[in-house]
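Values below: every heavy atom of this structure, side chains too, minus hydrogens, waters and symmetry copies.
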Amino acid sequence: MVPTARAAALAAAGVVPVVLWPRWATLWTWLALVVLACVADAVLAARPRDVVVRREVPHAVRLGEPATSTLTLTHPGPRVLRALVRDAWPPSAGATDNRHRVVVPPGERRRVRTALLAARRGDREADLVTIRAFGPLGLAARQASLPAPATLRVLPAFASRRHLPSRLARLREMDGRAAVQVRGQGTEFDSLREYVIGDDVRAIDWRATARRGDVVVRTWRPERDRRVLLVLDVARLSAARLGDAPRLDAQIEAALLLGALAARAGDRVDLVAVDSQLRARVAGSHGPGLVGELAAAMAPLEPSLVELSWPRVTQVVRDTLSQRALVVLLSALEPSAVTSGLLPVAQALSKDHTVVLASAADPEVAAIRRDRHSADAVFDAAAAERGELERRAVAARLRRRGVEVVEAGPDELAPALADTYLALKAAGRL
């Protein structure tokens with residue numbers, strides 16, 4: 001039984017009889033009457049445990065987009081249900097106005113809705129639904145918390161999709177109007193055309209020239225249906241805060257943009273998320289639904305406080321790919337971690353595949369390097385500059401082993417990686 005404000009007001013009203021008849025018996029009699037009235041009111045209230053509760057939420061929603069949780073309350077009892085209903089969610093779900101007053105006659109149902117605006121990606125599990133059923137006098141209530149399981153999957157925001165139209169325009173230009181004349185690895189035959197001064201004589205198709213009576217040359221275009229493997233680092237370095245979000249969020253944005261671009265280019269895209277073991281995998285998907293599958297697979301990922309296992313990464317790459325492909329490592333360009341982990345395996349990976357390391361840089365480091373307003377700031381700037389020199393040295397060592405290195409801020413990493421992909425495709429290196 002839960003007493004209400006009315007019960008407190010009724011108890012306070014006992015001051016009048018106590019003043020008129022100042023005896024202990026008057027006080028205890030009045031309190032007994034209040035308790036009796038509250039008990040009777042609670043007994044006459046509808047039973048909240050008899051209510052059948054069903055919660056409905058969208059299957060998935062992008063981060064930053066509103067959603068709605070709908071509660072359906074079915075009351076099979078014989079009394080009218082006058083209740084306060086609380087639709088409980090974790091704070092990260094962003095539930096607002098989640099307390100609802102309802103009146104449900106016997107045998108009927110009512111629906112109440114709670115607005116949700118999630119502040120974090122991932123799976124948001126709903127909590128219990130609490131029903132506080134009041135009696136006819138409003139003095140007391142019965143209360144019960146009922147399970148109504150529901151999961152709202154919050155997908156990554158994919159804010160980098162604003163860069164997709166411009167990269168698709170460049171891709172169409174490469175794929176159609178700008179066929180290359182130099183045949184190389186990662187190119188396929190496109191068409192024949194007449195020879196013009198300046199064309200490479202090695203591109204002349206002598207059979208077609210003999211048939212037509214004019215000199216004809218072959219043109220080539222970047223090969224389609226190539227394999228792209230995205231390797232997402234979800235180990236401890238992905239937990240570093242870059243601005244308002246962890247590094248993992250920037251890596252996810254870059255993976256989504258590159259996946260969407262590669263799918264439009266006709267390439268096959270796979271994704272694996274790895275720390276000390278395999279955490280997520282997307283394989284065998286293509287077409288318009290690829291980006292949705294990538295987002296759904298990466299939505300529940302959270303950084304784990306373990307070291308990235310590069311032998312595990314190497315094994316996953318070898319198990320996934322049977323031919324030359326583009327392997328994109330979305331990880332941190334941290335000198336100590338790269339020197340002890342990636343460098344020993346970089347040459348083996350780059351021998352069999354085209355390897356790109358994409359790293360999100362900390363924008364605060366650049367600000368510290370520029371700050372010279374005090375002696376302490378100068379020392380901090382010197383330490384930041386030292387770290388930058390070490391990262392550049394490690395990046396140079398990786399490039400000598402055949403690894404392309406892309407380092408940019410959290411907001412610039414996705415378009416920079418997309419530009420690198422287009423450059424590799426235009427150069428026939430995929």
Side-chain angles (χ1 to χ4, degrees), residues 1-57 66-119 124-152:
M1 184 182 71
V2 180
T4 66
R6 289 188 181 183
L10 182 62
V15 174
V16 176
V18 169
V19 170
L20 296 177
W21 299 282
R23 298 185 183 89
W24 284 107
T26 305
L27 175 61
W28 291 115
T29 301
W30 184 261
L31 291 178
L33 291 175
V34 171
V35 171
L36 183 61
C38 289
V39 171
D41 199 38
V43 170
L44 294 176
R47 287 175 51 88
R49 293 193 179 277
D50 293 341
V51 179
V52 179
V53 181
R54 187 176 76 253
R55 181 190 267 124
E56 298 175 353
V57 297
T68 302
S69 169
T70 303
L71 285 179
T72 302
L73 308 172
T74 304
H75 176 43
R79 301 187 182 97
V80 176
L81 174 67
R82 302 176 181 85
L84 177 65
V85 180
R86 178 175 178 261
D87 185 6
W89 286 84
S92 57
T96 56
D97 298 329
N98 63 338
R99 289 172 170 80
H100 311 275
R101 290 195 174 273
V102 295
V103 177
V104 187
E108 296 189 11
R109 67 181 61 180
R110 293 290 186 272
R111 287 189 176 89
V112 295
R113 293 174 174 83
T114 302
L116 304 175
L117 185 61
R124 307 273 80 85
E125 301 286 345
D127 208 337
L128 299 174
V129 176
T130 301
I131 302 176
R132 181 174 291 180
F134 298 95
L137 299 178
L139 297 176
R142 299 183 184 185
Q143 180 171 305
S145 294
L146 307 177
T151 302
L152 176 67

Q: Scan residues 69-92 for pairs that pass salt bridge (Lys or Arg N to Asp or Glu O under 4.0 Å), counting only residues two or more places apart or in two chains.
A: Arg55-Asp87
Q: How far apart are the C-alpha atoms of Glu56 and Thr70, what are their side-chain angles, what is the distance that settles it, and do they pass the side-chain hydrogen bond (donor to acceptor under 3.5 Å, both in side chains) test?
A: CA-CA 5 Å; Glu56 298 175 353; Thr70 303; 5.3 Å; no
Q: Name all pairs fulfilling the side chain to side chain donor-acceptor pair (under 3.5 Å) condition that reach into residues 16-25, sequence neighbours left out, sorted by first residue then second.
A: none
Q: According to side chain to side chain contact (heavy atoms under 4.5 Å, CB included), who are the partners of Pro106, at least two apart in sequence or on a separate chain?
A: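 Expected list: Val80.
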Q: For Val103 and Arg110, work out which heavy atoms get closest and say how close.
A: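 Between these two residues, the closest heavy atoms are O-NE, 3.5 Å.
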Q: Only counting residues at least two apart or in another chain, list the ones meeting side chain to side chain donor-acceptor pair (under 3.5 Å) with Thr29.
A: none
Q: Run the side chain to side chain donor-acceptor pair (under 3.5 Å) test against Thr74 and tell me which residues pass, sequence neighbours left out.
A: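 Per chain and number, Thr74 pairs via side chain to side chain donor-acceptor pair (under 3.5 Å) with no residue.
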Q: Which residues pass the side chain to side chain contact (heavy atoms under 4.5 Å, CB included) test with Val112, sequence neighbours left out?
A: Leu71, His100, Val102
Q: For a 4.5 angstrom cut-off between non-hydrogen side-chain atoms, does Val129 reach Ser145?
A: no
Q: Quick one: side chain to side chain contact (heavy atoms under 4.5 Å, CB included) partners of Val39, sequence neighbours excluded?
A: Met1, Val35, Val43
Q: Can you give me the closest heavy-atom contact between Val57 and Ala150, atom names plus distance?
A: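 For Val57 versus Ala150, the nearest heavy atoms are CG2-CB, 4.0 Å.
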Q: Quick one: does Trp89's side chain get under 4.5 Å of Thr96's, heavy atoms only?
A: no
Q: State, without any angle test, whether Arg113 and Ser69 hold a side-chain donor-acceptor pair at a distance under 3.5 Å.
A: no
Q: For residues 133-140, which side-chain N or O atoms pair as donor and acceptor with protein atoms under 3.5 Å away, sequence neighbours left out?
A:
none

Q: Within a strict 4.5 Å, meaning less than it, do heavy atoms of the Leu84 and Arg99 side chains meet?
A: yes
Q: For Arg47, give me all partners under side chain to side chain donor-acceptor pair (under 3.5 Å), at least two apart in sequence or on another chain.
A: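 Listed in chain order: Asp50.
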Q: Look up atom OG1 in Thr72 and atom CZ in Arg54, then write down how far apart they are to the nearest 0.5 Å.
A: 4.0 Å
Q: Check whether any side-chain heavy atom of Leu116 lies under 4.5 Å from a side-chain heavy atom of Leu152, and answer yes or no.
A: yes
Q: Just jot down the side chain to side chain donor-acceptor pair (under 3.5 Å) partners of Asp41, sequence neighbours excluded, or say none.
A: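 In terms of side chain to side chain donor-acceptor pair (under 3.5 Å), with neighbours along the sequence ignored, Asp41 is linked to no residue.
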Q: Let me confirm one number: the CG-CG distance from Leu31 to Leu33, rounded to the nearest 0.5 Å.
A: 9.0 Å
Q: Enumerate the salt bridge (Lys or Arg N to Asp or Glu O under 4.0 Å) contacts for residues 127-145, please, sequence neighbours excluded, ordered by first and then second residue.
A: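 For residues 127-145, and leaving out neighbouring residues, there are no salt bridge (Lys or Arg N to Asp or Glu O under 4.0 Å) pairs at all.
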Q: With sequence neighbours excluded, tell me which residues meet side chain to side chain contact (heavy atoms under 4.5 Å, CB included) with Ala144.
A: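 So Ala144 forms a side chain to side chain contact (heavy atoms under 4.5 Å, CB included) with Pro48, Arg49, Leu146.
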